[in-house]
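One structure is given below, encoded as structure tokens.
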There are 2 protein chains.
Amino acid sequence: MPLLVMKFGGTSVADLERIRNAAGKVQREVERGYDVIVIVSAMSGKTNELVGWVEQTSPLFDAREYDAVVSSGENVTAGLMALTLQEMGVPARSWQGWQVPINTTDAHSAARFVDIPRDNIDRKFAEGFKVAVIAGFQGIGPDGRITTLGRGGSDTTAVAFAAAFGAERCDIYTDVDGIYTTDPRITNKARKLEKIAFEEMLELASLGAKVLQTRSVELAMRYKVRLRVLSSFEETDENSGTLVCDEDEIMESKVVNGVAYSREEAKITLVTVEDRPGISAAIFAPLAEAGVNVDMIVQNISEKDYEDHPGSVTDMTFSVPINQVERARKVMEEARTAGHIAYEELIADTEVAKVSVVGIGMRSATGVAARMFRALADENINIKVIATSEIKISVLIERKYMELAVQALHDAFGLEAA
Amino acid sequence: MPLLVMKFGGTSVADLERIRNAAGKVQREVERGYDVIVIVSAMSGKTNELVGWVEQTSPLFDAREYDAVVSSGENVTAGLMALTLQEMGVPARSWQGWQVPINTTDAHSAARFVDIPRDNIDRKFAEGFKVAVIAGFQGIGPDGRITTLGRGGSDTTAVAFAAAFGAERCDIYTDVDGIYTTDPRITNKARKLEKIAFEEMLELASLGAKVLQTRSVELAMRYKVRLRVLSSFEETDENSGTLVCDEDEIMESKVVNGVAYSREEAKITLVTVEDRPGISAAIFAPLAEAGVNVDMIVQNISEKDYEDHPGSVTDMTFSVPINQVERARKVMEEARTAGHIAYEELIADTEVAKVSVVGIGMRSATGVAARMFRALADENINIKVIATSEIKISVLIERKYMELAVQALHDAFGLEAA
């Protein structure tokens with residue numbers, strides 16, 4: 001029997017009516033001949049309520065108890081989904097993480113999958129059940145305690161089941177109808193993509209296109225699980241949504257497939273840093289230890305010799321999430337006080353945004369960067385920092401030009417046309 | 001290490017502040033040198049919310065899924081209670097039914113305990129944990145599915161743990177401060193009892209004194225678990241509340257220790273029933289099968305011979321919960337139509353109430369019934385049905401006299417004075 005994994009997020013199961021709607025989509029796949037594994041999130045708002053209770057109870061909470069409390073939201077939805085399917089005449093059974101069992105590491109609140117044995121669920125399918133409803137986001141650790149995977153872990157649960165059960169596809173039902181070339185709120189020329197490669201999706205996800213959890217895309221790429229993103233709130237068929245797949249499945253690709261952005265960026269420049277071997281490590285190791293997420297890094301080599309800096313000096317610029325600026329400043333000042341690094345001044349610019357163009361076609365194309373810079377220059381947008389990877393070019397610009405930049409790049413790379 | 005079981009009901013853990021208050025009581029017992037097993041209910045209202053969702057989803061719900069959904073309320077409280085205790089510096093760990101494991105039968109939604117192995121929890125106590133917080137009302141069936149014990153099952157969980165772990169006592173914290181001689185809302189002369197025997201508590205519980213679940217008292221009696229009922233909302237010490245215990249612990253007992261009542265009664269009389277061997281079975285077997293809870297039964301022997309009733313005839317009177325009158329009528333009419341019984345008329349009186357006096361002292365005392373009937377006669381209250389057991393006398397009377405009857409009996413048996 002071919003098998004499908006279907007995942008419904010919190011807004012898709014927010015109340016009984018929406019659960020019924022989601023169950024209708026499951027029923028349709030069963031009628032098409034599939035065995036289905038359904039992964040559900042908690043009803044929207046429930047997990048936040050539970051997390052709030054835990055944090056109010058114990059600011060430095062025991063992660064074992066946090067997991068025991070917070071996982072209960074998904075258990076409720078799983079049972080209600082199974083009941084709804086039964087009511088529709090579809091033989092269904094719910095499974096909590098420990099019942100499958102979904103074996104994970106014991107890293108509570110941030111557990112990783114170890115193993116998902118198929119036996120129990122396969123036996124139920126063999127008995128005639130058509131649907132296994134799995135509480136997402138949770139598992140069981142080596143000590144028999146409940147674990148959770150961290151927020152958004154239900155997407156990852158879905159991909160892990162698709163891999164373990166060799167599913168034909170993993171359909172992620174959410175509140176948008178697919179992946180777009182850019183945010184439709186910024187330009188109405190944004191176009192829904194039929195297909196997108198894993199690598200592109202990864203860059204888009206980590207750049208702020210919040211549809212899919214980065215971790216779930218990584219896992220899908222590793223196990224070549226075909227992911228489909230589609231809407232819970234529309235009539236859908238086998239062509240709906242966007243397929244996230246191996247690039248081999250994508251016949252022809254544009255050079256650039258998407259324009260992503262992030263508003264929550266800040267630029268930090270250390271002015272007149274002593275330039276010596278090991279200076280980068282001396283700067284970025286303590287930032288990493290303090291949990292500061294450094295993204296882009298640029299070093300301006302300076303050949304000047306100052307009297308009080310006998311060696312050469314440089315300016316070091318990097319970007320961090322805007323809410324980590326003060327933490328970064330504190331870490332740098334402590335490192336300077338401790339004598340680990342030397343710099344004259346730390347300048348933080350919190351009025352920046354990041355805009356990126358992404359496309360696997362970039363690997364074999366030339367002149368993409370030039371085309372991007374030209375498009376921005378035509379709008380008089382000054383580029384503050386540039387970073388490139390194999391399939392992505394990102395720039396930091398003044399935040400007030402962000403929308404304009406996205407629109408200009410969307411036009412420049414012809415993304416409106418399919 | 002001496003061990004105590006402490007159970008907190010839904011109103012005692014209704015929000016984070018009340019959970020803190022309850023945890024304070026646990027901490028005090030730990031400071032006194034006890035290891036403590038805490039049994040918690042769901043935050044009040046939560047179970048009803050979950051049951052509502054299940055019933056709206058599937059009127060004839062699958063009890064396995066019902067149990068999976070409904071048990072989640074207790075899991076949340078258990079985790080929050082463990083976190084609260086940890087925050088107070090008390091080493092605590094939460095346990096869901098399957099983790100202990102609390103092994104039950106597979107009678108979903110009405111499961112019974114099979115076995116509560118001590119190993120896992122004993123090991124935690126040996127590691128230095130002082131408190132095990134157990135999600136009440138739930139267990140795990142032989143097929144690895146979650147079971148629940150039926151509403152109010154958390155009291156029963158508490159008693160079962162007290163029995164399994166040889167607890168010194170099982171303290172049931174609730175929203176009243178003990179067991180009273182009668183309902184204080186009916187007479188302000190009602191007095192809190194220091195001690196009450198299991199048998200008396202059983203009669204009072206099943207007669208409508210809703211403080212303790214009948215089933216938990218039965219279990220406590222069987223395993224001689226000393227139960228204490230006391231208030232979550234007051235300062236309590238080792239003398240608070242009411243101790244429910246073996247009658248051996250009660251030095252001297254009054255003849256009557258309590259006056260109970262139930263408003264939800266109806267009286268049904270089958271007029272001119274053919275009186276023959278097996279007629280009682282023919283009447284009450286189909287009622288039992290239809291789930292009608294028959295309580296008191298009275299048969300008036302009639303010696304008259306009617307022309308169309310060649311044998312002797314009788315009138316048969318019994319009481320049922322008021323909301324089961326129509327079901328009882330339907331069952332009787334069907335039995336008559338099928339020719340299993342014969343009667344002329346069914347008269348239902350839905351304006352009755354039951355009043356009972358209860359006391360283990362009755363066993364050795366005489367004249368209790370006479371004193372009861374005299375007290376009612378003095379108030380001109382007519383008795384419609386009488387039923388007696390070893391430690392209880394119950395009467396059905398007109399409902400409008402119920403409060404008056406309770407007050408008169410409370411006075412007549414001198415219950416105000418300790």
Side-chain angles (χ1 to χ4, degrees), chain A residues 13 15-17 19-20 23 42-43 46 49-50 52-88 91-101 120 123-124 133 135 140 143-146, chain B residues 13 15-17 19-20 23 42-43 46 49-50 52-88 91-101 120 123-124 133 135 140 143-146:
Chain A
V13 292
D15 55 39
L16 299 185
E17 197 190 320
I19 292 174
R20 257 194 302 279
M43 296 157 93
K46 283 293 161 190
E49 181 184 57
L50 295 168
W53 286 342
V54 169
E55 291 177 344
Q56 283 171 59
T57 298
S58 180
L60 297 168
F61 51 76
D62 174 356
R64 282 178 173 73
E65 298 299 343
Y66 172 98
D67 285 355
V69 171
V70 171
S71 60
S72 68
E74 280 74 14
N75 294 347
V76 171
T77 323
L80 293 175
M81 175 64 84
L83 285 164
T84 307
L85 286 163
Q86 289 175 3
E87 196 65 17
M88 292 174 168
R93 177 61 68 228
S94 77
W95 301 80
Q96 300 182 6
W98 58 272
Q99 290 175 310
V100 174
N120 287 334
R123 196 176 312 125
K124 280 285 163 195
V133 185
I140 180 168
D143 56 353
R145 306 295 310 179
I146 294 166
Chain B
V13 292
D15 55 39
L16 299 185
E17 196 190 320
I19 292 175
R20 256 193 302 278
M43 294 157 94
K46 285 290 160 191
E49 181 184 58
L50 295 167
W53 285 342
V54 168
E55 290 177 345
Q56 283 171 59
T57 297
S58 179
L60 297 168
F61 51 75
D62 174 355
R64 282 178 174 74
E65 298 299 343
Y66 172 97
D67 285 355
V69 171
V70 172
S71 59
S72 69
E74 281 73 13
N75 295 346
V76 172
T77 324
L80 293 176
M81 176 62 84
L83 284 165
T84 306
L85 287 163
Q86 289 176 3
E87 196 64 18
M88 292 174 169
R93 177 61 69 228
S94 77
W95 300 81
Q96 300 183 8
W98 58 273
Q99 290 176 311
V100 175
N120 287 334
R123 196 174 313 124
K124 280 286 164 196
V133 185
I140 180 168
D143 56 353
R145 305 295 310 179
I146 294 167

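Put simply, CD on A:Gln56 and CG on B:Asp15 are 10.0 Å apart, with the number rounded to the nearest 0.5 Å. Considering OG of A:Ser58 and CG of B:Leu16, their distance stands at 11.5 Å, rounded to 0.5 Å. We find the CD1-CH2 distance between A:Ile140 and B:Trp98 to be 4.0 Å, quoted to the nearest 0.5 Å. With values rounded to the nearest 0.5 angstrom, B:Glu74 atom CD is found 11.0 Å from A:Ser72 atom OG. Interatomic distance, CG of A:Leu60 versus CD of B:Glu87, reported as 7.0 Å (0.5 Å rounding). The CZ atom of A:Phe61 sits 12.0 Å away from the CG atom of B:Leu80 when rounded to the nearest 0.5 Å.
By number of non-hydrogen pairs under 4.5 angstrom with chain B, the leading residue of A:Gly144, A:Ser94, A:Gly79 is A:Ser94.
The minimum heavy-atom distance between A:Ile146 and B:Gln96, with the atom names listed, is CD1-NE2, 3.3 Å. Nearest heavy-atom pair across B:Glu65 and A:Ala92 is OE2-O, 4.3 Å.
Heavy-atom distances place both the backbone and the side chain of B:Leu83 under 4.5 Å from chain A. Using a 4.5 Å cut-off between heavy atoms, B:Glu49 contacts chain A through its side chain alone, with no backbone atom that close. Using a 4.5 Å cut-off between heavy atoms, A:Met43 contacts chain B through its side chain alone, with no backbone atom that close.
Counting only residues at least two apart or on different chains, the salt bridge (Lys or Arg N to Asp or Glu O under 4.0 Å) pairs with a member in residues 52-63 of chain B are A:Arg93-B:Asp62.
Remark: B:Arg20 engages no residue in a salt bridge (charged side-chain N to carboxylate O under 4.0 Å, His left out) (not counting sequence neighbours).
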TODO: Assess whether side-chain contact (heavy atoms from CB on, under 4.5 Å) is satisfied between A:Asn75 and B:Val69, documenting all intermediate values.
DONE: CA-CA 6 Å; A:Asn75 294 347; B:Val69 171; over 6 Å; no
